[in-house]
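Below: the structure, in C-alpha cells.
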There are 2 protein chains.
Amino acid sequence: MSENSLSSFSSHVDPATTPDNVIKALSIDNLIFGLDHGQLDILLIKHREGISAGRWALPGGWIRYDENLRDAASRHLLELTGVSDLYLEQLKTFGRVDRFPNERVVTVSYYALVSAEDYDLAAGHNAADACWFNVRALPELIYDHAEIIQYGIEQLQQNVRRRPIGFNLLPEKFTLLQLQELYESILGTKLDKPNFRRKIMKMGLLASCDEKQTGVAHRAAKLYRFDEQAYNTLMEKGFSFEI
Amino acid sequence: MSENSLSSFSSHVDPATTPDNVIKALSIDNLIFGLDHGQLDILLIKHREGISAGRWALPGGWIRYDENLRDAASRHLLELTGVSDLYLEQLKTFGRVDRFPNERVVTVSYYALVSAEDYDLAAGHNAADACWFNVRALPELIYDHAEIIQYGIEQLQQNVRRRPIGFNLLPEKFTLLQLQELYESILGTKLDKPNFRRKIMKMGLLASCDEKQTGVAHRAAKLYRFDEQAYNTLMEKGFSFEI
DNA sequence: TACTCTTATTGTCCTTTTGACCACAAGACT
DNA sequence: AGTCTTGTGGTCAAAAGGACAATAAGAGTA
C-alpha cells in the first residue's frame with residue numbers, strides 16, 4: 001500500500017519512472033473536497049522529489065491497462081485517504097500540450113466529496129504530506145493544477161445546486177442549519193433561514209432521525225438524513241432538485 | 001485533406017495503423033448535432049473496413065503530440081464537415097477497459113452544434129459516408145458509441161436550458177417560433193407560445209433584425225439574432241440564463 | 001427559580017414568476 | 001371578401017420566492 005502510494009505520488013514528478021502496466025501519457029487527478037467549520041477545503045499533497053519538490057499538487061496517478069478510469073480514480077483515492085465509497089464524479093479532461101514538462105500527459109480529473117466523519121481520516125491516513133487547504137487560500141501549485149481546481153470549484157458550485165450531492169460533505173445525520181451553511185459556504189451567498197428550511201423540507205428528501213443535537217449550548221435542532229429512496233422515487237416522477 | 005479524412009475514419013477500425021505522431025491509446029470522438037425540420041440530428045459516418053464495416057460510428061480520430069485536445073476535435077470537425085468555428089464543448093472521457101476491441105483506447109468526446117446554414121454542407125462536404133440521423137432513430141453503432149450519444153443528448157438537454165447555446169443550431173436570423181420549436185424538440189416538451197415569447201424577450205438577449213420572414217404563406221414573423229454583447233454585459237451582472 | 005442568551009421553528013405578507021387560456025392582428029392565398 | 005395560419009398582446013389565478021416579525025425551546029448563569 002505504502003509503495004503504491006509513493007509511486008502514485010512520484011508519478012507526476014518523474015514520468016520517466018512510469019511503470020509498465022499503465023497507460024502512457026494519461027493520468028488521473030483527484031479533487032478531494034471536504035467541509036471543515038463551514039469552509040470548503042481541498043486535499044493536496046506535497047511533492048518531495050524533482051524540480052517540483054516543495055510545491056503542492058492534486059493527488060493522482062496512472063491508470064492501469066486493465067482498469068476503468070473511474071476505478072483508477074477510486075483506487076488512488078483509497079490509497080491516499082484510506083476511505084472508499086466516496087462520492088466521485090468525472091470533472092473534465094485537461095490536455096494542453098505544454099501542461100506537463102517535457103512529456104505529453106493528458107489528465108482525466110475527478111472530484112470527490114468527503115463526509116465530515118471521514119474528514120480527519122482523509123488527511124491523516126497516509127504518512128505522505130497530505131493537507132487540507134481552504135479553497136480560497138491555496139498554495140502554489142504545480143503544472144495546471146490551479147486551473148483544474150478553479151474549474152472544479154465552479155462545477156461544484158453548479159452541481160451542488162442542481163443535484164443533491166451536498167449531503168456527501170456532511171455527517172450522516174445533520175441539522176438544517178448545517179445544510180444551509182454548506183450551501184452558503186460553497187456558493188458564497190447568504191440565505192434566509194426560515195425560507196431555506198421550508199424549501200428543503202417541501203422537497204421531501206429529508207427523513208427525520210427522531211433525534212436531536214447534543215452538546216450544544218442552546219436549543220437543540222432536529223437531526224435529519226438524506227432519504228435516498230425518496231429521492232429515487234421522486235426522480236422517476238420527474239422531480240428536479242434545485243437550490 | 002482527403003487523405004487526412006480517410007486516415008481519421010479508418011483510425012478507429014484498425015488501430016494497428018496508428019500513425020507515429022499521435023498519442024497512443026487516446027482518441028477524440030465528436031458528437032455533431034444539427035437541427036432539421038425541427039428534429040435533432042446527429043452526424044455519423046459509416047465504417048468501410050475491418051470487422052465493423054457497414055456499421056455506423058461517431059466521427060473522430062487521433063490526437064497529435066503537438067496539438068491541444070480541443071484543437072484535435074476542431075481539426076477532425078473541419079476535415080469532416082468543411083465547417084470551422086462551430087460551437088464546441090468537451091463532453092466526457094470514456095475509458096472502459098473493454099470499450100475498444102483488442103486495445104486499450106480512451107476517448108475524449110466533444111459535442112458540436114451546427115447551424116442551419118451549415119447543415120447541408122456538413123454532411124455533404126466529404127465524399128465519405130457521412131449522414132445525419134435523427135437522434136431518436138439511430139442505426140447500430142460500433143463500440144460504446146451508443147452510450148456516448150445517449151450521454152451527450154442528456155447533457156445537451158441540460159446545457160441548452162442553462163446556457164444560451166441553442167442559437168448555434170439556428171440560422172443567424174431566426175423567429176421566436178423557430179427558437180421555441182428548437183427547445184421543444186431537444187427537450188421533448190410542448191411550450192406555450194405567448195409565455196415562451198415573453199420569457200425570452202424579457203431576458204434581453206435577442207436583438208431585432210428589423211426584418212421579417214419572407215416566402216411564408218402566412219403572416220411573417222419578425223427576425224431576431226442572439227445579442228452576444230448583451231449577454232456578456234448581463235453575465236457580468238450575475239445574470240443566469242434558464243429556460 | 002428567574003433570567004439571559006442563542007438557535008430552532010412557525011407565521012405572515014407582499015412581490016415575482018409561472019402557466020393556462022382568450023382574443024385580436026397580420027398577412028398570404030383562394 | 002373570405003379563410004387559413006401564425007404572430008402578438010392581454011388577463012387571471014396559482015405557485016414560488018423573499019423579507020421579516022414572532023414565538024418556542026433549551027442550556028447556562030445568577
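Numbers restart at 1 for each chain; the letters A, B, ... are given by sequence-line order, proteins then strands.
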d([atom1], [X]; [atom2], [N]) in whole Å:
X	N	atom1	atom2	value
Leu191(A)	dA19(D)	CG	P	10 Å
Leu206(A)	dA8(C)	CG	C1'	15 Å
Asp192(A)	dG11(C)	CG	P	16 Å
Glu211(B)	dG7(D)	CD	P	17 Å
Lys222(A)	dT9(C)	NZ	C1'	9 Å
Glu181(B)	dT5(D)	CD	P	15 Å
Gln213(B)	dT6(D)	CD	P	10 Å
Leu177(B)	dA26(C)	CG	P	19 Å

TODO: Check the side chains of Arg162(A) and Asn159(A) for a donor-acceptor pair under 3.5 angstrom, ignoring hydrogens and angles.
DONE: no
Open item on the list: Do the side chains of Arg163(A) and Glu89(A) get close enough for a salt bridge, i.e. N-O under 4.0 angstrom?
Closed with: yes
Open item on the list: Salt bridge or not between Arg99(A) and Glu147(A)? Use side-chain N to carboxylate O under 4.0 Å.
Closed with: no
Quick one: closest heavy-atom pair of [X] and [Y], and the distance?
X	Y	value
Leu191(A)	Gln180(A)	O-NE2, 2.9 Å
Asn68(B)	Arg96(A)	OD1-CA, 3.3 Å
Tyr111(A)	Phe33(A)	CB-CE1, 4.0 Å

Task: Summary of protein contacts for nucleotides 23-30 of chain D, nucleotide by nucleotide, where a base hit scores B, a sugar-phosphate-only hit scores S (4.0 Å, heavy atoms) - done: -BBBS---
TODO: Not counting sequence neighbours, which residues clear side-chain hydrogen bond (donor to acceptor under 3.5 Å, both in side chains) with Glu181(B)? List them please.
DONE: none
Task: Interface with DNA chain D, restricted to residues 196-204 of chain B and to heavy atoms under 4.0 Å - done: Arg197(B), Arg198(B)
Open item on the list: Checking Glu172(A) against Arg225(A) for the salt bridge (charged side-chain N to carboxylate O under 4.0 Å, His left out) test, could you report, in this order, the C-alpha distance in whole Å, the side-chain angles of both residues, the deciding distance, and whether it holds?
Closed with: CA-CA 6 Å; Glu172(A) 160 98 29; Arg225(A) 60 178 181 76; 5.2 Å; no
TODO: Answer yes or no: does a side-chain N or O of Lys193(B) lie under 4.0 Å from OP1 or OP2 of dT6(D)?
DONE: no
TODO: For Asn195(B) and for Thr175(B), find the nucleotide of DNA chain D with the closest heavy atom, then tell me which residue's nucleotide is more 5'.
DONE: Thr175(B)
- [ ] Report yes or no: is the cationic atom of Lys222(A) (NZ for Lys, CZ for Arg) closer than 6.0 Å to the six-membered ring centre of Tyr224(A), at no more than 45° off its axis?
- [x] no
Open item on the list: If you assign each of Gly215(B) and Ala221(A) to its closest nucleotide in DNA chain C, which residue comes earlier from the 5' end?
Closed with: Ala221(A)
